2 protein chains.
Amino acid sequence: MDVHGRDLRYFVAVAEELHFTRAAERLFISQPALSKQIQMLERTLGVALFDRSAKDVRLTEAGAAFLPQAHKVLAAWDRAWQTIEKSKRTQAASLTVGMSTSVGRDGLLPAIRSRFSEQLPEARITLRQVGWEDPTAGLADGSSAAAFVWLPLPDARRFQWAVIVQEPMVVALPARHALAGSKAIDFEELVAEPFLALPKSAGPLRDYWLAVEQRRGQPPLIGAEITSPDETYEFIVEGRGVCLLAIGNAPSLTRGGVVTRRVRGLPPCQLALAWRRDAENPLVRAYVAAAREVTRDSRAG
Amino acid sequence: MDVHGRDLRYFVAVAEELHFTRAAERLFISQPALSKQIQMLERTLGVALFDRSAKDVRLTEAGAAFLPQAHKVLAAWDRAWQTIEKSKRTQAASLTVGMSTSVGRDGLLPAIRSRFSEQLPEARITLRQVGWEDPTAGLADGSSAAAFVWLPLPDARRFQWAVIVQEPMVVALPARHALAGSKAIDFEELVAEPFLALPKSAGPLRDYWLAVEQRRGQPPLIGAEITSPDETYEFIVEGRGVCLLAIGNAPSLTRGGVVTRRVRGLPPCQLALAWRRDAENPLVRAYVAAAREVTRDSRAG
DNA sequence: TGCGACCATAACCATCGGTTATGGATGTCC
DNA sequence: GGACATCCATAACCGATGGTTATGGTCGCA
């Protein structure tokens with residue numbers, strides 16, 4: 001019923017050469033192959049395209065009528081192909097960066113972006129918010145080529161990362177909580193509190209933010225599961241539990257009714273820029289380099 | 001490198017349904033076949049056209065850009081196909097009628113044509129002059145669908161015919177020939193003359209116009225071979241030979257220096273309208289019917 | 001936790017699209 | 001006129017393509 005694009009090229013070649021052997025070598029195929037394909041085309045169209053009298057080949061009336069149409073189809077194909085090439089190019093020049101929470105931290109993202117754009121001015125960066133169910137912020141399923149993540153990463157051998165920020169932890173409490181009066185809190189004082197936890201799918205990161213390692217075998221009490229800052233805020237206000245977080249993220253929770261306090265006795269947490277070990281991507285490399293330069297400058301400054 | 005038109009239809013179907021299973025049944029193929037073809041298309045284009053996340057299918061950026069282009073290619077194909085259909089229709093409505101010499105004979109052709117056009121007003125008749133090397137006037141190689149021929153036909157079982165005209169023979173002589181003075185000539189008086197003969201490829205027709213059967217075993221003397229009326233005229237004027245012909249064709253030779261005279265002792269010759277036994281063509285049938293009616297009328301009148 | 005929906009993969013088979021070798025018709029040259 | 005060159009068609013064969021059915025894996029849902 002319908003026809004291979006190649007057959008159109010073949011037809012046009014023969015129509016232009018009016019010579020099967022020459023057309024065949026122009027197309028880099030054998031003459032019998034070309035003869036057979038043209039016959040096949042004629043059969044599916046139900047009409048002869050060429051008159052092959054001995055010693056010369058001519059277009060039939062139908063063939064002559066078909067030729068310009070075939071050209072138009074091929075031209076349309078050409079344009080279609082070009083749009084594909086174009087979107088491949090823009091895709092090759094776009095980088096999707098995932099993040100689980102806002103990275104914030106004093107203009108870090110804009111600084112990286114501008115440093116990156118100096119190197120690759122025509123590249124396009126897309127920032128992507130990814131829910132907390134995925135601790136890799138889209139790296140795992142390929143929807144991000146790079147991502148800002150909290151260590152430790154699950155399935156760590158698939159990824160590489162550069163640590164961007166290292167920060168002390170704070171705890172977010174209801175403003176009327178008994179411990180809210182203290183300037184700083186020992187983690188010991190929190191072990192009996194109900195905690196808000198990341199979803200199970202977050203893997204080792206869930207345990208990390210529950211500070212399981214610092215509980216000496218005592219399992220944490222889970223007040224609720226959280227998948228977004230808003231949810232977290234609401235749960236804390238409701239008194240469903242407390243929650244550890246990096247000090248740099250404290251602003252996202254400290255609205256009315258919630259306070260954050262320094263916690264002693266916990267190691268600092270690490271925000272990293274991570275990428276897939278298997279994806280050799282120059283954009284990723286450039287973005288990572290930009291991030292490294294920015295953080296080095298900011299430490300120096 | 002290039003793509004089957006079918007793949008475009010497949011792509012468009014999936015893009016419209018955004019559902020492989022439904023698209024597959026709309027296309028009357030199995031779902032795995034469709035999946036595989038789309039994957040193949042994506043591979044040859046070098047870009048993903050669809051995002052298949054679990055539970056829903058979406059166009060990628062490249063796919064969305066490609067979709068309208070694909071529509072355009074298919075539309076161009078549609079138009080190409082329509083021109084093919086159109087030329088098939090006009091071809092199905094055209095009849096090529098071959099003839100070896102002018103048929104002439106008092107408006108016979110126009111009469112047949114007008115009678116034919118009453119029946120099939122949209123049909124188109126093309127008259128074709130065929131050289132004398134082919135006694136079937138193009139029937140044998142298919143370049144004519146019907147033809148005016150002189151009997152007997154070579155390879156007669158391939159053809160059918162209707163006798164249109166039956167006429168006495170005349171002989172064409174140089175005007176200064178010894179026999180030119182007679183009103184009519186016995187064939188006996190001509191047997192020693194050199195004759196102009198049709199080419200060998202004319203088969204039995206050559207012998208027929210040499211009246212070999214009336215020579216009682218004496219082989220004819222061949223003065224020259226002829227393939228057109230002009231050639232014949234020239235040879236006769238030059239005295240290279242004489243030539244039998246139907247009385248109805250006499251006007252084509254009786255110019256200065258050539259005369260035609262009735263010949264006694266020869267059977268009348270028969271002009272027939274012939275067609276291929278294997279070609280079932282309503283146009284041919286109508287043309288033959290028209291010819292029969294015209295000749296019946298002209299006999300009656 | 002089993003089930004249904006849905007896309008992908010596997011295994012298999014006919015047809016397609018290519019190859020080389022050969023045939024047959026035609027025009028050419030000695 | 002016969003050997004030869006040219007050129008398109010056919011034959012025989014082979015790997016790739018495009019379809020089938022059966023099955024797997026993942027996700028949403030009751």
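This is a predicted model, so every value here is computed, not measured. Lettering of chains follows the sequences in order, A, B, ..., and the numbering in each one begins at 1.
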Side chain proximity check, B:V3 to B:T44, heavy atoms < 4.5 angstrom: yes
Gap between atoms CZ and C1', on A:R58 and D:dC7 respectively (whole Å): 15 Å
Between P of C:dT20 and CG of A:L34, the distance in whole Å: 14 Å
Roughly, in whole Å, what's the span from CG in A:D56 to P in C:dA25? 18 Å
Any heavy-atom pair between the side chains of B:T126 and B:V97 that's under 4.5 Å? no
Can you name the side chain to side chain donor-acceptor pair (under 3.5 Å) partners of A:R26, sequence neighbours left out? A:E16, A:E17
Does B:R58 have any salt bridge (charged side-chain N to carboxylate O under 4.0 Å, His left out) partners at least two apart in sequence or in another chain, and if so, which? B:D56
Side-chain N or O of B:S30 less than 4.0 angstrom from OP1 or OP2 on D:dT20? yes
Between A:F235 and A:I226, is there a side-chain heavy-atom distance shorter than 4.5 Å? yes
Positions of residues 3-22 of chain B (non-hydrogen atom under 4.0 Å from DNA chain C), listed by number: B:H19, B:F20, B:T21
Kindly write out the residues that satisfy side chain to side chain donor-acceptor pair (under 3.5 Å) with A:T227, not counting sequence neighbours, or none if the list is empty. A:E231
Base contacts versus sugar-phosphate-only contacts with protein, heavy atoms under 4.0 Å: please encode nucleotides 23-30 of chain D as B, S and - from 5' to 3'. ----SS--
A:R43 has an atom CZ; how far is it from atom C1' of C:dG17, in whole Å? 13 Å
Provide, to the nearest angstrom, the distance between the CD1 atom belonging to B:I29 and the P atom belonging to D:dT17. 17 Å
Whether A:Q39 contacts D:dT10 is assessed here as follows: a side-chain N or O lying under 4.0 Å from the phosphate OP1 or OP2. Is that the case? yes
Heavy-atom distance under 4.5 Å between the side chains of A:R128 and A:M99, does that happen here? no
To the nearest angstrom, how far is B:M40 atom CE from C:dG17 atom P? 13 Å
What's the NZ-C1' distance between B:K36 and D:dA22, to the nearest Å? 14 Å
In whole angstroms, how far is the C1' atom of D:dG19 from the CD1 atom of B:I38? 15 Å
Partners of A:R124 by salt bridge (charged side-chain N to carboxylate O under 4.0 Å, His left out), sequence neighbours excluded? B:E61
Within the supplied structure, the quantity of interest is the number of heavy atoms (other residues, nucleotides, ligands) at a distance under 6.0 Å from B:K86 NZ; does it exceed 12? no
